[in-house]
Amino acid sequence: ELLDLLANYLAGEGFDVTPLADPVAGVAAALSGEHQLVVLDVMMPRLDGIEALRRIRAASRVPVLMLTARGDDTDRIVGLELGADDYVPKPCTPRELTARVRAILRRTQPVDDDEPAPAVIEAGPLRMFPRQRRAELHGHSLDLTSTEFNVLEALARHAGRPVGKGELSQHALGRPLARFDRSIDVHVSSIRRKVGIRPDGRSWIQTVLRQGYQWIGE
């Protein structure tokens, strides 16, 4: 019932939706390259959403929006750690889900030619290419999810200065940072693992008490 409700609402909002109740078929569809975004429920028969996400992330960077039980922080954090771009707690309204879908798609599509955007953002050995949505450190490509790219882009644009979690949430997720929301912290932790440490042994991304995070570019 939930699947039909959300699929019909999204279709009414102009989206081309492929509703699938079988998680194995859903993973195959997610890996087909024919979809711009996946909405993935954690609670499914045969194959839970966490394992489905793990299989998707093993082969694809397609944006994934998780549906999680309200108050279930474990599934939420595990999902983000495995590469989910964002989550919506259930029960959710179709309007809320649609808003989250639009926010992710806005931030994962290539930049239009008439929009002012730098061709390259450089912050020390980090180079980011917003139009192509790719990043490299010391000349090596970084394998980032769409949300991780957005977070790192915001930090790179303000290299050497702290960026608040609220600003990162707006830039990366398209929504205000809710109280007790650890999404940005989990995404930053994942980025830290992917970029490694500086030659001096410090992290490239520093935590600034009560101010947020900052990229150390030099």
Side-chain angles (χ1 to χ4, degrees), residues 1-110 133-134 141-151 169 172-175 178 181-184 186-187 189-191 193-194:
E1 292 179 0
L2 177 63
L3 181 68
D4 290 340
L5 170 67
L6 297 180
N8 289 335
Y9 189 92
L10 288 169
E13 291 294 311
F15 293 99
D16 185 4
V17 184
T18 303
L20 292 168
D22 179 8
V24 176
V27 170
L31 297 177
S32 69
E34 299 176 356
H35 303 87
Q36 292 176 296
L37 181 140
V38 175
V39 179
L40 180 61
D41 199 334
V42 170
M43 297 178 63
M44 297 187 295
R46 295 180 54 203
L47 183 72
D48 66 43
I50 297 300
E51 178 58 28
L53 176 63
R54 184 178 285 109
R55 295 185 185 187
I56 292 171
R57 277 292 171 257
S60 174
R61 296 291 99 188
V62 62
V64 175
L65 178 64
M66 299 286 290
L67 296 181
T68 66
R70 187 174 298 277
D72 194 338
D73 291 335
T74 301
D75 281 346
R76 191 170 302 160
I77 292 173
V78 170
L80 292 172
E81 288 177 339
L82 288 175
D85 290 271
D86 200 4
Y87 66 88
V88 177
K90 296 186 302 182
C92 66
T93 65
R95 179 177 296 181
E96 179 184 8
L97 177 64
T98 302
R100 294 289 185 89
V101 167
R102 293 192 191 282
I104 292 177
L105 290 177
R106 278 198 306 269
R107 285 158 178 79
T108 56
Q109 300 309 301
R133 293 191 63 79
R134 64 184 180 89
S141 179
L142 294 173
D143 185 18
L144 303 172
T145 67
S146 60
T147 300
E148 289 167 359
F149 182 93
N150 295 336
V151 170
S169 182
L173 302 173
R175 61 177 173 82
D181 188 347
R182 294 182 54 195
S183 299
I184 294 300
V186 177
H187 288 305
S189 177
S190 179
I191 296 170
R193 289 196 301 270
K194 293 179 179 182

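FYI, the numbering just counts along the sequence from 1.
Side-chain atoms of Ser190 do not come within 3.5 Å of backbone N or O of His187 as any donor-acceptor pair. Checked by atom type and distance alone, the side chain of Asp85 pairs as donor or acceptor with a backbone atom of Val64 at under 3.5 Å. Of the possible polar contacts, one joining the Arg57 side chain to the Val62 backbone as a donor-acceptor pair under 3.5 Å is found. At distances below 3.5 Å, at least one donor-acceptor pair connects side-chain atoms of Arg133 with backbone N or O atoms of Ser146. A donor-acceptor pair is defined here as one N or O able to donate and one able to accept, closer than 3.5 Å; such a pair exists between the side chain of Thr98 and the backbone of Pro94. Within the 3.5 Å criterion, the main-chain N or O of Ala103 finds a donor-acceptor partner in the side chain of Arg107.
Evaluated for a side-chain contact (heavy atoms from CB on, under 4.5 Å) with Leu53, the options Asp48, Leu82, Leu80 yield exactly one hit, Leu82.
You'll find the side chain of Leu97 reaches within 4.5 Å of the side chain of Leu67, heavy atoms only. Within the 4.5 Å cutoff, the side chain of Val151 has no heavy atoms near those of the Leu144 side chain. Residues Glu148 and Leu142 have side chains not in contact (no heavy-atom distance under 4.5 Å, counting atoms from C-beta outward). The shortest distance between side-chain heavy atoms of Leu6 and Val39 does not fall below 4.5 Å. Using a 4.5 Å cut-off on side-chain heavy atoms (C-beta onward), Arg182 and Asp73 make no contact. With contacts defined as side-chain heavy-atom distances shorter than 4.5 Å, the pair Met66/Ile50 qualifies.
The CZ atom of Arg100 sits 12.5 Å away from the CG atom of Leu37 when rounded to the nearest 0.5 Å. The distance from the OG1 atom of Thr68 to the CG atom of Asp41 is 9.0 Å, given to the nearest 0.5 Å. Atoms CZ and NE2, on Phe15 and His35 in that order, are 13.5 Å from each other to the nearest 0.5 Å.
Shown here for Leu3 and Ala21, the closest heavy-atom pair between the two residues is CD2-N, 3.8 Å. Across every non-hydrogen atom of Leu20 and Ala29, the tightest pair is CD1-CB, 3.7 Å. The shortest heavy-atom contact between Gly83 and Thr145 is O-CG2, 3.6 Å. Heavy-atom minimum distance, Arg76 versus Pro89: NH2-CB, 3.8 Å. Scanning both residues, Val17 and Ala11, for their nearest heavy atoms gives CG2-N, 3.8 Å. The heavy-atom pair separating Ser60 from Leu31 by the smallest distance is CB-CD2, 3.6 Å.
Ion pairing between a basic and an acidic side chain is recognised when a charged N comes within 4.0 Å of a carboxylate O; Asp143 and Arg61 show such pairing.
With Tyr87 as the aromatic partner, Arg175 meets the cation-pi criteria of under 6.0 angstrom to the ring centre and within 45 degrees of the ring axis.
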Between Glu13 and Val101, is the side-chain contact (heavy atoms from CB on, under 4.5 Å) condition met? List the steps.
CA-CA 11 Å; Glu13 291 294 311; Val101 167; over 6 Å; no
For Tyr9 and Arg95: C-alpha separation, side-chain torsions, deciding distance, then whether side-chain contact (heavy atoms from CB on, under 4.5 Å) applies.
CA-CA 8 Å; Tyr9 189 92; Arg95 179 177 296 181; 3.9 Å; yes
